[in-house]
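Since the model is a prediction, treat every value here as computed from it, not as a measurement.
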Amino acid sequence: MLNKYARAFFSAIFRPIAQLLLRLGISPDVVTIVGTVGVAFGALWFYPRGDFLVGTLFITVFVFSDMLDGNMARLSGRSSTWGAYLDSTLDRVGDAAIFGGLVLYYAGKGDNFLMACLALACLVLGSVVSYAKARAEGLGMQANVGIAERADRLVAVLVTTGLVGWFLPEIVLTVVLTLLAVASFITVVQRMLMVRGQALATPFEG
């Protein structure tokens with residue numbers, strides 16, 4: 001949902017920045033890599049220490065590179081299969097770091113077994129959601145369904161974690177992680193059923 005309605009808005013906002021970076025000779029791939037390193041560092045440094053608000057603000061700055069690099073690629077006419085692959089692969093690294101940082105906090109300083117399990121479930125299921133789509137496309141099928149796309153999961157966990165670090169009670173994050181885990185599981189099932197339907201409708205060629 002957020003992919004559909006927000007990407008065009010933010011692309012327009014970041015267009016001047018993308019143009020400036022291109023004039024400076026910076027490639028979209030560099031922005032992709034720097035953005036991922038920033039997200040991973042922020043998540044794995046601040047979150048395990050319990051600095052949720054500062055960590056979320058730090059991460060958010062680098063998360064926007066996901067739209068900036070794509071904007072740069074389109075403006076420069078250098079959109080490529082490699083760029084798309086790099087961006088998609090490193091997105092998974094950043095997402096894993098965010099939920100991994102929460103796992104480390106609740107398995108350590110936060111001392112909350114339930115929360116550690118929920119964050120781990122979100123990490124694992126989020127990866128499976130992405131894999132289910134990528135594998136389907138690799139087999140020549142589509143799996144563009146689901147109630148928990150990447151952007152939705154990312155915004156939900158970042159906003160909630162930041163606000164919990166500021167003033168909200170921790171129970172709010174518990175509820176959000178639970179909903180994200182359930183929604184991710186449902187999305188995996190939806191994508192599997194969609195692929196199954198396509199597979200059964202396609203004659204097998206041995």
Tell me, yes or no, whether the heavy-atom count around Phe167 atom CZ, taken from other residues, nucleotides or ligands under 6.0 Å, exceeds 12.
yes

Any chance CZ of Phe58 has more than 12 other-residue heavy atoms, nucleotides or ligands included, within less than 6.0 Å?
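Correct, the count exceeds 12.
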
Say you draw a straight line from CG of Leu86 to OG1 of Thr32; how long is it, rounded to the nearest 0.5 Å?
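If we round to the nearest 0.5 Å, Leu86:CG and Thr32:OG1 are 5.5 Å apart.
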
Measuring from Leu75:CG to Arg15:CZ, what's the distance to the nearest 0.5 Å?
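The CG atom of Leu75 sits 4.5 Å away from the CZ atom of Arg15.
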
Are Trp45 and Asp51 close enough that a side-chain donor and a side-chain acceptor fall under 3.5 Å?
no

Have Arg191 and Thr187 got a donor and an acceptor in their side chains that come within less than 3.5 Å?
no

Identify the two heavy atoms, one from [X] and one from [Y], that lie closest to each other, and give their separation to 0.1 Å.
X      : Y      : value
Val164 : Pro169 : CG2-O, 3.8 Å
Ala148 : Arg153 : O-NH1, 2.7 Å
Pro48  : Ala43  : CD-O, 3.1 Å
Ala156 : Val176 : O-CG1, 4.1 Å
Asn144 : Lys133 : OD1-CE, 3.0 Å
Leu44  : Gly101 : CD2-N, 3.9 Å

Transitive ILVMFWY side-chain link [X] to [Y], under 4.5 Å:
X      : Y      : result
Phe185 : Val188 : no
Val61  : Val159 : yes
Phe113 : Tyr106 : no
Val93  : Leu123 : no
Val155 : Ile98  : yes

For the residue pair Asn112 and Glu170, establish whether any side-chain heavy-atom pair is separated by less than 4.5 Å.
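Of all side-chain heavy-atom pairs linking Glu170 with Asn112, at least one is under 4.5 Å.
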
Going by heavy atoms in the side chains, are Val157 and Leu102 under 4.5 Å from each other?
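In contact.
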
Are the side chain of Gln142 and the backbone of Ala136 linked by a donor-acceptor contact shorter than 3.5 Å?
no

Verdict with reasoning, Asp29 to Asp69, per side-chain contact (heavy atoms from CB on, under 4.5 Å):
CA-CA 7 Å; Asp29 289 352; Asp69 57 6; over 6 Å; no

Test Met115 against Val103 for side-chain contact (heavy atoms from CB on, under 4.5 Å), laying out the working first.
CA-CA 8 Å; Met115 290 292 282; Val103 173; over 6 Å; no

Criterion side-chain contact (heavy atoms from CB on, under 4.5 Å) on Val172 and Leu163, from CA distance to verdict
CA-CA 9 Å; Val172 177; Leu163 292 178; over 6 Å; no

Does the ring centre of Tyr105 sit less than 6.0 Å away from the ring centre of Phe52?
yes

Positive for side chain to side chain contact (heavy atoms under 4.5 Å, CB included) with Val54, one of Trp166, Tyr47, Phe46:
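The residue from Trp166, Tyr47, Phe46 that satisfies side chain to side chain contact (heavy atoms under 4.5 Å, CB included) with Val54 turns out to be Phe46.
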
